[in-house]
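Only one structure is covered here, and it is reproduced in the block below.
Each ligand, and each atom within it, is numbered from 1 in the order the structure gives.
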Amino acid sequence: MNNRLYKYYPEDFGELKVDVLHMDLTFDIYDDRTNVKSVLRVRTKDEPIEKLELNCKDLEIRAVSCFQSEVSYRYRKDDAILEISFRDLIPPNTEIAVITDTVCRPTKNILEGLYYDETPAGAPPQQITQCQQWGFQRIVPCIDDMTAKCTYRTTIIADSRYTNLITNGDVAVERHTVKPGRDKIVYDNSVTPMATYLFFLGVGTYAAFKREFEYPDGSTFMLELLVPPDSDARAAEKALDILHDCVMWVYVFTGPEQYDEDRLAIRQLMWDLVRRREKLKIEAKPRPGQGEDELGGDGQVGKREGQGERAGEGKGERAGEGEGEGERAGEGERAGEGERAGEGQELRKIRDELSRLDRNITPGYRYTGTVYREIGMQNSDFGGMENVGNTTITTNRIMPFPQITDPAFEYMIRVKVHEYYHNQNGSEVTGRSPFEIWLNEAVTVHIEEQYHAFLFGEDYQRLQRVLDLLAPASGTFALDSGAASMPIIPDGFNDPNDLITAVTYVKSPEYVRMVESLTGKDTFVRGLDRYFKKFQHSNASTQDWIEAMEEESGVALKEISETWLRQTKFPVVEVSAEYDKLTGKFTFFLKQHFPAGGKPWEFPFRAALVDESGKDIVEVLERVSGETAEILIENVGMPSFLSLNRGYSFYGKLVYRASQEELLMQVRKDSDIVGRFTAFYTFVDREKLRLLRVPGSAPSEDFIELYYRLLNDRQLLERAGGQFLTIFESVEDEEFAHHYQALYDVKQKLLKAVAGKYRSSLISAYNFFENASVPRDGSLEETARVIKSRQAKNICLGVLATLDAPDIHALIKQQFETATCTTDRLSAFAAYLNSSAPDKIEVLRAFEAESKKNLIAWEAFLSVIGSNSSVDAVELVREMERSDAFRIEQTNDQRALYGSFARNRKKSLETEEGRVLFAEVLRKLAPVNEYTTVNLLNAFANIDQMEIKYHIPLVKILADLLAELDPQKYPSVYNRIRKLLLGAPAAVEAYGIVQGKIPALQT
Ligand SMILES: [Zn+2]
């Protein structure tokens, strides 16, 4: 046993010995196996080579040869390396072709390489790939490295019954039948040399929906959606509308000049004209999906991949790109068909206008392929994956199914724009190694957030992010300060999936946002543009990105970046202030706490002095460095309150001992939404702490009044959403921060006090928001407004539910029974489940039976069960796992039931029956899915901070698992457990005294 905490370190990712040029792949796909013949062309560098090592995981090797030399080979299975030795030394700068013939076998639970996805009834087995990060070596021997970018030509031969045979690139040879029951298709991917992790292959049975995407200059490509055969056509059309808008928004509203005020009006006009144009186009002809492209009701072949492209506009588009004249003619024809003359004229006018406006802006990314496809994957560790031209998205979030919840709907919009934007940031410009995954993700999330804000409003978007940061258990600060925390660029990792965490997806975008604040928005987007241009079709390192930003801005970023990227946790900044009335001088004093042995962070600090009417006296944005800092503001009047860390300008926490009066004033009057919320958060935090410290004490009138006032601030809730009223089951004080049941009880107590005093006002607020959440039209902006109102309505319901009285049970049940959307239904169900209503078990049974019939509904149902707070919570989880509808190899089931149960720490960690179940779940799940298991384990991130009585039982769960698990087979789970135990030295010591030392922790 060695003492390494990680399997991989940066030195494992050196320069490649050869340049990878091209892969010629032939996939002969059968139900239980796939034969892969590969011709891998590489060129030696300045050194001769006698050996070549290819990554090769769990493959059967049938033959290995080389055009240029006799070879022998050795398959080092445990290292996942195919070692090829050449009889003759291969000279420097020489191209060789290595031919391999191998077999891979898909499984249902290893969701990497080629695997089985959900198969529609009566269809041949659905098979898809997932290559991020090292799935490609499970498919074919290769150099599985982010810098091994090459072109591909891929042939697929498979069962003729599949509706779609897909891989990256454009169709080179149309699909045709080679022998009875077997079809063949060839793709060419030579426009964008592609890293191996972006490879995609899928053979499956889908319903295909298409939509033409037309740029303002008239060039087009095809948007395609592949979803389960029985999918609702209207939902699919809506999904394509949403995707269309994402792609158009990236083009019109991003890019190096996106903040140019003078051109903003042009961009907005283009956006409006495009909407008008699309409306006219749709009115002019039957929408695809309702006409020729739709599948028959039996779910069998409507149209096949390749054939569809031939019959459709695929080839024409490509030829048309960049040749304005040719396209125009094509459009003329389209417009002429079945369209009234007047409309045709209007369409032409809009197109001319768009084309003229287009020449006046510098747009954002423009797609380079002929088809951009989104493919539903039912079973996946990830929500989405950008496989160049073939984005996969978890099926339950790919389109606005009637069963989709509001958060899932928002996720759907975000994942679509996110994966699409990866075309530029990630696929064209790729990080150099897994240590640069953050680079692919941070800017992509940053853009995704801009789009979310474009639809939902800046305030709502930013507040949602702040809630992500602060949430207990699943929140970013919780993860980043717990025992499982890793820096954005870690020292090492066990599996690249270890890097797919909130640190990569939330903390690193926050770092990027700080860089944006320090350089200025205008400069930031120009810097990005410089970076994209410089590294197009190649790989970039962290330093490359920082240097591009420095060159553009002249702002020094290396040092600040080093701390943010390499150090875990975040600054906790204590702020105090002084005001000299005589001189009008105001001074902020900042003192930051940072980890022992670490360095202080450097960050942008935005703050304002505000008067009693809520007007800013002055706002400052300062770059703060060093352990202590002073910010002096001269010639100002005395502020009534301070608005600190505005817009959450830095990633960290702030401690300022404002008086209760100041906080109350800030909650009501600050013009900055984050300021308002953090004041509320602090006020409530103090209230919770007081209740925890003094058992039996009652919530204060100040709190009750404040909460009631906010609930009646319609303007606030319409802007920021009901989420503004979030009260977490958490408290900042370390003494009580991990007393989960007590924290739950305190929250209930607070809400019950509000409900007790304002029962009837709450019911009228409930009715108000109920009316406000009826949509007036089908636009996305309207959907955004409705989602915010619905949040407020369900907050009212949740507060009322704490009364646990018969009339409230009736109200909840009424919402449950009459709800027209899933979020309302689930909110009511969750409230009912936690109540003492006599018929709750009957309601549960009926809802269970209904939810089982649909995978999306089932996922949502399971997650309510996993997080429920009733006395029989653990038994309910057990019951659902025994259900015939629960499938442990399905990640949605794992995440929904086990994930929410793990985070339900008052049950999973603080009760005996919960711990027994949790231990069983971990033991069962580790061999099925390591990634989900590791995520569940994060519930143990704070053992030492929990009450002492839990220390030994919790360490025992982890120690027992360590003793059972094979570290070679399950390195991520094994090493995560060790990391968690090393992060809980007090509990481990207490355990050691009673049970003996844990062997796996000894060196
Ligand atoms: Zn991503």
Rounded to 10 degrees, what angle sits at the Zn ion (ligand 1) between H418 NE2 and H422 NE2?
100°
Salt-bridge criterion met for R465 and D468 (N-O under 4.0 Å)
yes
E441 atom (N/O/S) at minimal separation from the Zn ion (ligand 1)
OE1
For R462, is there an ion pair with E458 - N to carboxylate O distance below 4.0 angstrom?
no
Has E419 got an N, O or S atom lying less than 2.8 Å from the Zn ion (ligand 1)?
no
Count the heavy atoms belonging to other residues, nucleotides or ligands that lie under 6.0 Å from CD of E889, then report whether that count exceeds 12.
yes
Quick test of your reading of the model: are K788 and E781 salt-bridged, counting only N-O distances below 4.0 Å?
no
